[in-house]
Every structure is written in C-alpha cells, then in structure tokens.
Amino acid sequence: KPMAEAGAVAVIGLGRFGGSLAVELAKHGVDVIGIDSDEAVVAEYSDKLAHVSRADATDEVVLRQLGIDDVSRVVIAIGSDLEASILVASRILKLGNRHIWAKAISETHAEILHQLGIRNVVRPENDMGRRLAHLIRGHISDFL
Ligand code: ATP
C-alpha cells in the first residue's frame, strides 16, 4: 500500500470542482490523494497535490492499490459521467464506515446518490446560486 494514511482525504475526479477542493485541502495541510482518469488532468495537479494517480476509479482493484480502502474521508467529484459516479459511489460504500461526499449535477443524480446511502450530496451550481442570493440580499439590506 503506497500512500494510505488515516487522516488523508481521497478526491476522485479532479475537474473544476474536485480540483479546487483538492488544492484548497492541500493548502491547509491535508494529505490529499487525487485520482483522475485523464492524463492531462493528472499532469496539471502533479505538482499541486502530494499524491495524484491516473486511474479509473470504478475499478475496485485500482481503489485498493491506491490505498483508498484505508482512507476515512472520500469525495466523489465526478459529475457528467453518471455511470462512473454511481459505480464509484457503490464501490466506496461497499468499503463501509467512512465519510463520503459526492457531487451531483442533476436532481435525479442527487436522488440516486441519496438512495445508495450517501448522505452528503452537493450540487455546486445550485448551492452556490442559493448562497449568492443570500449574499445579494445582505448586500441590498446594507443600502436600505
Ligand atoms: P467540473 O464541473 O467539476 O469541472 P464535471 O461535472 O464536468 O466537473 P466531469 O467532467 O464529469 O465533471 O468529471 C470530473 C473529472 O472526473 C474529470 O476530470 C474526469 O476525467 C474525471 N473522471 C471521470 N470519470 C472518471 C473515472 N471513472 N475515474 C477517475 N476519474 C474520472
């Protein structure tokens, strides 16, 4: 097991969401294990994260080889590939007893992840839109 560590956080999928999340965690001293199936993406993050691997995270053997079965916190940041998102979620849930966060890009996607048993499902655009509404309201009230 090359890089397993109890305090580490695995970030699966290093798109705009997973990538910025991973870098922010790393900046704060968190040991991040980044995984992406795209070689160019992996190259982009190789000097920003301690551990980055090019791998298909739907593969159970790969997850074990990367030491993900020893990591207690996992973020599934795959959006547009619904099948990959669901497969990875199922694999990680099978490992049992860990904190899982997953990104969804639609209501249906979020519902499926919830049904699988993932309690922390985030929808970045929707969540941010709601948040900005509150910020704008607060801003307006400053001038009333
Ligand atoms: P964002 O909005 O965060 O950029 P997105 O919703 O467009 O993301 P995707 O492009 O679906 O997200 O996925 C994010 C990343 O996940 C991509 O860099 C992609 O290469 C990676 N990814 C997709 N499938 C897999 C997989 N099976 N294993 C590992 N990484 C994967």
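Every number for a ligand or one of its atoms is a count from 1 in the order of the listing.
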Test item: [X] and [Y] side chains (from C-beta on) under 4.5 Å apart, heavy atoms:
X: Ile33; Y: Val9; answer: no
X: Val52; Y: Leu14; answer: yes
X: Trp101; Y: Val121; answer: no
X: His99; Y: Val74; answer: no
X: Val75; Y: Leu21; answer: yes
X: Asp56; Y: Val62; answer: no

Problem - Residue-ligand contact Pro124/ligand 1, heavy atom below 4.0 Å - result: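 Checking ligand 1 against Pro124, which is what was asked, there is no heavy-atom contact under 4.0 Å.
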Problem - Option among Val88, Ile92, Leu95, Leu113 that satisfies the side chain to side chain contact (heavy atoms under 4.5 Å, CB included) test with Ile100 - result: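 Testing Ile100 for a side chain to side chain contact (heavy atoms under 4.5 Å, CB included) against Val88, Ile92, Leu95, Leu113 leaves exactly one candidate, Ile92.
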Handout entry: Thr58, any N or O under 3.5 Å of ligand 1 N or O
Key =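 No.
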Practice task
Please indicate whether any nitrogen or oxygen in Phe17 is less than 3.5 Å from any nitrogen or oxygen in ligand 1.
Solution key: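 Between Phe17 and ligand 1 (N or O atoms, distance only) the closest approach is under 3.5 Å.
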Would you indicate which of [options] comes nearest to [atom] when only heavy atoms are counted?
atom: atom 15 (C) of ligand 1; options: Asp36, Ile78, Val11; answer: Asp36
atom: atom 31 (C) of ligand 1; options: Ala77, Ser37, Ala57, Ala55; answer: Ser37
atom: atom 1 (P) of ligand 1; options: Arg54, Glu83, Lys103, Glu39; answer: Lys103

Problem - Those atoms of ligand 1 less than 4.0 Å from some heavy atom in Asp81 - result: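 Per the distance check, 11 (O).
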Exercise for the section: With heavy atoms of Asp38 as the reference, note each atom of ligand 1 found under 4.0 Å away. Expected result: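 In order of number, 20 (O).
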Handout entry: Residue of the set Arg131, Arg123, Arg130 for which salt bridge (Lys or Arg N to Asp or Glu O under 4.0 Å) holds with Asp127
Key =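 Result for salt bridge (Lys or Arg N to Asp or Glu O under 4.0 Å) with Asp127: Arg130.
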Closest protein heavy atom to [atom], given as residue, atom name and distance to 0.1 Å:
atom: atom 27 (N) of ligand 1; value: Asp56 OD1, 2.9 Å
atom: atom 11 (O) of ligand 1; value: Ser80 OG, 2.6 Å
atom: atom 16 (O) of ligand 1; value: Gly13 CA, 3.3 Å
atom: atom 4 (O) of ligand 1; value: Arg16 N, 2.8 Å
atom: atom 12 (O) of ligand 1; value: Gly79 N, 3.5 Å

Exercise for the section: May I ask whether Ile112 and Ile118 are part of the same hydrophobic cluster, defined by side-chain heavy atoms of I, L, V, M, F, W, Y residues being less than 4.5 angstrom apart, directly or through others? Expected result: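 Yes, Ile112 and Ile118 fall within the same hydrophobic cluster.
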